[in-house]
2 protein chains.
Amino acid sequence: MDIGIIGLGLMGGSIAYALKEKHRIFAYDTNNDSLDYALSSGVIDQICFSLPVLFKKTNVFFVCLYPSAVIQFYRDYCHQFPKGSLLIDISGVKKSLIEELTSIIDDRVDFVFTHPLAGSEKSGVENASANLFRNQNLIITPTEKNKKHNLELVASLGEEVGFDKITFLSAEEHDELIAFTSQLTHVVSLALMDCAPKKNDIVSYIGDSFRELTRIAMINEALWVDLFIRNAKFLNEKIDDFINSLNKYKLAIDSCDETALKEMMRSAKTARIAIERGLKE
Amino acid sequence: MDIGIIGLGLMGGSIAYALKEKHRIFAYDTNNDSLDYALSSGVIDQICFSLPVLFKKTNVFFVCLYPSAVIQFYRDYCHQFPKGSLLIDISGVKKSLIEELTSIIDDRVDFVFTHPLAGSEKSGVENASANLFRNQNLIITPTEKNKKHNLELVASLGEEVGFDKITFLSAEEHDELIAFTSQLTHVVSLALMDCAPKKNDIVSYIGDSFRELTRIAMINEALWVDLFIRNAKFLNEKIDDFINSLNKYKLAIDSCDETALKEMMRSAKTARIAIERGLKE
């Protein structure tokens, strides 16, 4: 199949890399250096220096842009897409995106919304990897307009890219779950760095736990500000839930309540071990 | 040198493993299975089934017990240690431990307090590794009673075990820093599991960030309850600081303040990248 990648960063590059063995990959990006790098490194098969050129090559496109950029991009180019095009979104927030796009999506295209639950603190196509999505999770949020065969094609491409579990969720379910599993974890990591002691050479006093919990604080701020603000309601609810849980620990520690602490720890441990087992299934 | 390991779990076993090439390692534990495993796997050179037997073999001991167990152990056996013994504590909290021990440490022994900043969510000597401490941090908290040559010996053994940065801190400085870098991270991980949605099969909706941030929720609860309660004051201060940082993010998200969010993210990212560079130096 001929596949177009619109936006060739870490995500677009990794999708291209993973699909290139079986498919012919055309790519468009506003950054020519990214395109040159991708072609010379074998990430893609062919560069398209303009969208009209890309639109002549295929009618299946991965749109690998930040959420707000997806909307602007679609507004600008919706009338130029080949009739019968399949557009695959991969951004990390769904409800506001789908709501804004629904009013402008015309019958020429079928826009399928997905969220690959994988990434890296390193951005750019230079960090793309054919294995980025290997054994990871993909969420697809179907809309009423989506054609069944396109949803099936997207799931099948998802399998080829390497995803292990592929799940269908409503946009609302997606945004609430992701507020917890992905966005809250980033807020947590950032907040840990925010309250880090400034006076000490902290690098001499940390272990693996601190390194792991703060890795994702090396964040792509343009992307994550967009994600946080577009999912503000759910994210702030999850921050509140999390602060409540912290306060439960604070209370138990303050009153030296060993029994309560052990019980909370055992319950957290049991739940986390269940996840570990689920990952291996 | 002949070295005694008292308490043969993950930490004692890993110290034994790392030192065994150059030294003769004797070990005592109340669990005979751990001793048998360690001998047959080459973690130690010789089993001592009782402390009096161990006390005849050497006068340098790593005391690899939980903080409260260190105190009880020393109370029970302080009069039996060979004169001139060096005891090396490796537990994760210092002030309360040193205060309680100071009144009972007699001149027969020199008790040097250290904290290896490494571990694993897997406990027991079966998970011991000669590389557990490779490139990790060791903190030594000297007391007024410590002999200079013993502090030097402990630092030198620390290097042999594989530690990269070895730092001397007061017990107070240690406990305040560790409340942040080690104990707060464990509370954070536990609290994330505490507020995880119960109804969904969450394993299908997580990425690496969630996996990394919750790995240490697979906790050894007996050890960590002891650590949390012995450092309650500093730990609860750090939880408060962290909640303040979370609330800064909440406010900026709630008011869609992109500028404030980007600034906070950039500052967190810069600080975390500085740590990453420091790790590689």
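Letters A, B, ... are given to chains in the order of the sequence lines, protein chains preceding strands, and every chain is numbered from 1.
Classification of B/D175 and B/R230 as a salt-bridged pair fails, no side-chain N sitting under 4.0 Å from a carboxylate O. Ionic pairing of B/K94 and B/E172 is not present here: no N-O contact between side-chain nitrogen and carboxylate oxygen is shorter than 4.0 angstrom.
Proximity to chain B (any heavy atom under 4.5 Å) is restricted, for A/Q136, to the side chain, taken from C-beta onward. Interface residue A/A232: backbone and side-chain heavy atoms are both found under 4.5 Å from chain B. Residue A/A196 touches chain B through both its backbone and its side chain, counting heavy-atom pairs closer than 4.5 Å. Residue A/I178 touches chain B through its side chain alone, counting heavy-atom pairs closer than 4.5 Å. Contacts between B/L213 and chain A at a heavy-atom distance below 4.5 Å involve backbone atoms as well as side-chain atoms. Of the two parts of A/K233, neither the backbone nor the side chain holds a non-hydrogen atom closer than 4.5 Å to a non-hydrogen atom of chain B. For A/I206, the parts lying under 4.5 angstrom from a heavy atom of chain B are both the backbone and the side chain.
Proximity of a side-chain donor or acceptor of A/K95 to a complementary backbone N or O of A/A171 within less than 3.5 Å is not detected. Panel note: side chain A/S189, backbone A/A217; a donor-acceptor pair is recorded below 3.5 Å. Of the possible polar contacts, one joining the B/S14 side chain to the B/L10 backbone as a donor-acceptor pair under 3.5 Å is found. In this structure a side-chain-to-backbone donor-acceptor pair under 3.5 Å is present from A/T270 to A/R266.
The aromatic ring centroids of B/F180 and A/F210 lie less than 6.0 Å from each other.
Put simply, of B/G207, B/S120, B/C195, B/A268, the one with the most heavy-atom pairs under 4.5 Å next to chain A is B/C195. When A/E221, A/K165, A/E258 are compared by the number of non-hydrogen pairs under 4.5 Å with chain B, A/E221 comes out ahead. Among B/N236, B/L261, B/I275, the residue making the largest number of heavy-atom pairs under 4.5 Å with chain A is B/N236. Note on A/T167, A/L246, A/D257: by heavy-atom pairs under 4.5 Å with chain B, the leading option is A/L246.
Across every non-hydrogen atom of A/A155 and A/I166, the tightest pair is O-CD1, 3.4 Å.
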